[in-house]
Number of protein chains: 2
Amino acid sequence: MSAPPPNERTGRHGPTIRDVARIAGVSIGTASKALNSNGRLRQETRDKVTTVAREIGYRPNDMAQSLHRTRSMTVGVLSTDSFGRFTLPIFQALEEQFADRGIAIFMCNATDDPERERQHLDQLLGKRIDGLVVTARRADKRPPVGPLPAGLPVIYVFSQADDRDALCLLPDDEGGARLAVRHLGEVGKRRIAHITGPEHFEAVQLRRRGYLSALAELGLAAHPEFYLSGKWTEAWGRDAVAALFDGKTDRPDAIFCGNDLIARGVVDALRERGIAVPGEVAVAGFDNWDVMTAAARPPLTSVDMNLSALGHEAGRLLIEMIGGETVRGIRRLPCTLVVRESTSTST
Amino acid sequence: MSAPPPNERTGRHGPTIRDVARIAGVSIGTASKALNSNGRLRQETRDKVTTVAREIGYRPNDMAQSLHRTRSMTVGVLSTDSFGRFTLPIFQALEEQFADRGIAIFMCNATDDPERERQHLDQLLGKRIDGLVVTARRADKRPPVGPLPAGLPVIYVFSQADDRDALCLLPDDEGGARLAVRHLGEVGKRRIAHITGPEHFEAVQLRRRGYLSALAELGLAAHPEFYLSGKWTEAWGRDAVAALFDGKTDRPDAIFCGNDLIARGVVDALRERGIAVPGEVAVAGFDNWDVMTAAARPPLTSVDMNLSALGHEAGRLLIEMIGGETVRGIRRLPCTLVVRESTSTST
DNA sequence: TTGAAAGCGCTAACAA
DNA sequence: TTGTTAGCGCTTTCAA
């Protein structure tokens, strides 16, 4: 039975390196070297210290460490418009990137409340974050966050700051739309309609532009009556089909939809009219939202914004900036087309 | 033109209280008192200090502060099964609770990877979090996280730890199911079926129990052939309707579904058979997932698990525990029924 | 090879 | 009313 270690008073934050040193019978400096595999130490001493550390459950206090380093090894993620379907995969990928480098994430949410945003920012700055990620659900331009200390790396993901020096990462909506429409052309469709969401969304405008440019590429005419802007809902998809088909002779043979909800409404409405998808009319969506693409009959071809990749890239860039690089401007990452039965029976 | 302040070397983490003191021409102690509205100080001095602090953009370093306090004013949220539809509202509410008290959240994600979980935990403990929230997508029992320093408050939300001393917060699935079935009885239905998900989910078992007990309450018989367990998908909902209705004379007049996806499949299948909802068959879902309840035709009556409330309560409890209270055991929070047209034409 | 001590930025106790 | 100082837990010279 060994005597209990003398005076084992541990610090308020758990055992400290001082405790380790005392119990191991070495100086604090020695303990530090041993624990950080630094300096020259006898192997024996090293072992003794690490053993003691393990035994008493010592874990270095990051806050104390950060006081020395110029890094806190934390970043903030500030969502200005809650968390949703879109920000989630982005966050997931971000998290992975940072976790791999031992960087912890402070997560904040300021749902369209500038006051709350200010509070969160204050808190984050108090924590001495090394970088900041700003996310939003919509790609609308927003005023830059701030004021921020000069030199703090900031990246806007799935969101745009009204500041030309800001770094913004966005999906290439236009390119994505082009992919989908091109594909519709390639499966032989010539009369391609576009049913989409509210025009005040930048994404709607960009996707429309992609739609038009792809039509041009394909040498197809853009019928103005084949472009319908409405809501982001299934109901709108159904209504639009009614407008496009009921009592019309001039019908489209393909529909590119602004999102998957609309696309689902569209295939439902077509099925109810006995119009074969994709035989008579092919349908493509946008977002590649599994719940929708899978449940639709037939499963939906859809444009994937590769939000994971977006998140990864955001993490990578922020880490670069923290390392001292200067990055700025708007970057758009490519989308991918995922082909399913709604455009191609050969699946 | 005033002379530049002498030797304005600021610390590596930005201006320090020492800078403030020097520029304001007072001692550090005085500056501290002024900035924290502590002790007795001349109003003049107080003002001078705060002015300087504002001017040079001084912001106290939380990490340095935490070294003194016994609290770090941070908590960790560890999601053991990614983030999804269910954990999101919970997190949102948690965030609100903590933000109000100036507590920052470290967000981690260890998707079913024990190794990663261990890493994250290590990191969080290094950051000296004051408390820990563990979330999961499924309510399956999981081994308790750990090892953790004694006395660290932990709460499992939407997840259960295999440890009787753990505090777990869950929705009352059984009660929720009872609400729905009772309601179906109240609108005059007598032959109530239950189409639900895989039986290995505890939620499936609990909801079934609620279904059965409500039937008993209503004095209705439980037809074994009216209980169908399958997948959590729309397709299963449709298939189950086929099984229940096609070529059968012994049909139900109401269906309580294990989730909204199934319910949506059910109403779609019924509509395709020309069976009126809710006239001939009423349908209720579970989850109250807006995307589904709204898009279904007719809109779905559904059980809401009140995940926001769950998150709020989790935050409240964890804060209590941080304050020294001891809370343990499994707590189930009530669900709410949201009535829509799939069960009641009177909406 | 090890120990002592200064200092990261801050607070709080004690002196002046 | 203000200044001085001893830590919080850690790393990093510099001495021994």
Side-chain angles (χ1 to χ4, degrees), chain A residues 9-50 52-53 56-73 125-130 149, chain B residues 8-50 52-53 56-74 125-130 149:
Chain A
R9 179 196 57 92
T10 57
R12 51 184 74 163
H13 285 292
T16 71
I17 196 171
R18 187 191 253 79
D19 299 319
V20 175
R22 183 166 34 71
I23 297 175
V26 300
S27 77
I28 296 184
T30 303
S32 174
K33 278 173 212 147
L35 293 170
N36 297 299
S37 321
N38 269 346
R40 2 205 110 272
L41 241 49
R42 231 173 11 176
Q43 189 57 38
E44 198 185 316
T45 319
R46 226 176 260 289
D47 294 344
K48 189 171 38 168
V49 171
T50 48
V52 169
I56 70 172
Y58 169 74
R59 200 183 310 268
N61 184 324
D62 273 8
M63 296 181 296
Q65 286 187 158
S66 295
L67 234 39
H68 279 266
R69 315 186 184 299
T70 157
R71 313 260 88 117
S72 67
M73 300 299 275
L125 297 178
K127 303 286 187 196
R128 295 300 187 265
I129 50 168
D130 296 331
Chain B
E8 190 158 355
R9 178 198 58 91
T10 57
R12 52 184 74 162
H13 285 291
T16 71
I17 197 170
R18 185 191 256 82
D19 299 318
V20 176
R22 182 166 35 71
I23 297 173
V26 299
S27 76
I28 296 185
T30 303
S32 174
K33 278 174 211 148
L35 293 170
N36 297 299
S37 322
N38 269 346
R40 358 206 114 273
L41 241 50
R42 231 175 9 181
Q43 188 57 39
E44 200 184 315
T45 318
R46 226 176 260 288
D47 293 345
K48 188 173 37 170
V49 172
T50 49
V52 169
I56 69 174
Y58 167 75
R59 201 182 308 270
N61 184 324
D62 274 9
M63 297 181 296
Q65 286 187 157
S66 294
L67 235 39
H68 276 266
R69 318 186 182 298
T70 155
R71 311 261 88 118
S72 67
M73 299 301 275
T74 61
L125 296 179
K127 303 287 187 196
R128 297 299 188 266
I129 50 167
D130 296 332

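In what follows, every chain begins at residue 1, and chains take the letters A, B, ... in the order their sequences are listed. Just so you know, these numbers use all the heavy atoms, side chains as well, and skip hydrogens, waters and symmetry mates.
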To the nearest angstrom, the CG-C1' distance between A:Leu67 and D:dC10 comes to 8 Å
If you assign each of A:Met63 and B:Arg40 to its closest nucleotide in DNA chain D, which residue comes earlier from the 5' end? B:Arg40
Under the side-chain hydrogen bond (donor to acceptor under 3.5 Å, both in side chains) rule, collect the residues that match up with A:Thr45, sequence neighbours excluded. none
Grab the CZ-C1' distance between A:Arg71 and D:dT11 for me, whole Å please. 17 Å
Taking all atoms of both residues into account, what is the closest heavy-atom pair of A:Pro15 and A:Ile56, and its distance? CG-O, 3.4 Å
Selected nucleotide, minimal atom distance to B:Val26 side chain, candidates C:dT2, D:dG3, D:dT2: D:dG3
Keeping B:Ser32 on the side-chain end and B:Ile28 on the backbone end, is there a donor-acceptor pair under 3.5 Å? no
Mind jotting down which residue pairs meet the salt bridge (Lys or Arg N to Asp or Glu O under 4.0 Å) criterion with at least one end in residues 31-42 of chain A? Sequence neighbours excluded, please. none
Could you check whether B:Arg42 gets within reach of a base, just the sugar-phosphate, or nothing at all, counting any heavy atom under 4.0 Å? sugar-phosphate
In short, the helix from C:dT1-D:dA16 to C:dA16-D:dT1 is bent end to end, axes from five pairs each side, to 10°, by 60°
Using a 4.0 Å heavy-atom cut-off to protein, can you give one letter per nucleotide of nucleotides 10-16 of chain C, 5' to 3': B if the base is in contact, S if only the sugar-phosphate is, - if neither? BBB----
Taking A:Val49 as the fixed residue, which of A:Leu41, A:Ile23, A:Leu35 is the one that meets the side-chain contact (heavy atoms from CB on, under 4.5 Å) rule? A:Leu35
Any base atoms under 4.0 Å from A:Ser66, or only sugar-phosphate, or nothing? Heavy atoms, all strands. nothing
With sequence neighbours excluded, what pairs up with A:Arg59 under the salt bridge (charged side-chain N to carboxylate O under 4.0 Å, His left out) test? B:Asp122
Looking only at heavy atoms, which two atoms of A:Met63 and A:Asn61 are closest? And how far apart? N-OD1, 2.8 Å
Taking only the side-chain nitrogens and oxygens of A:Thr30, find out if one of them lies under 4.0 Å from OP1 or OP2 of C:dT1. no
I need the NE2-P distance between B:His13 and D:dT11, as an integer number of Å. 13 Å
Is any side-chain heavy atom of B:Arg69 closer than 4.5 Å to one of A:His13? no
Protein-nucleotide distance (A:Leu41, atom CG; C:dT2, atom P), rounded to Å: 5 Å
Going by the rule side-chain hydrogen bond (donor to acceptor under 3.5 Å, both in side chains), which residues pair with B:Thr74 if we only count those two or more places apart in sequence or in a different chain? B:Ser72
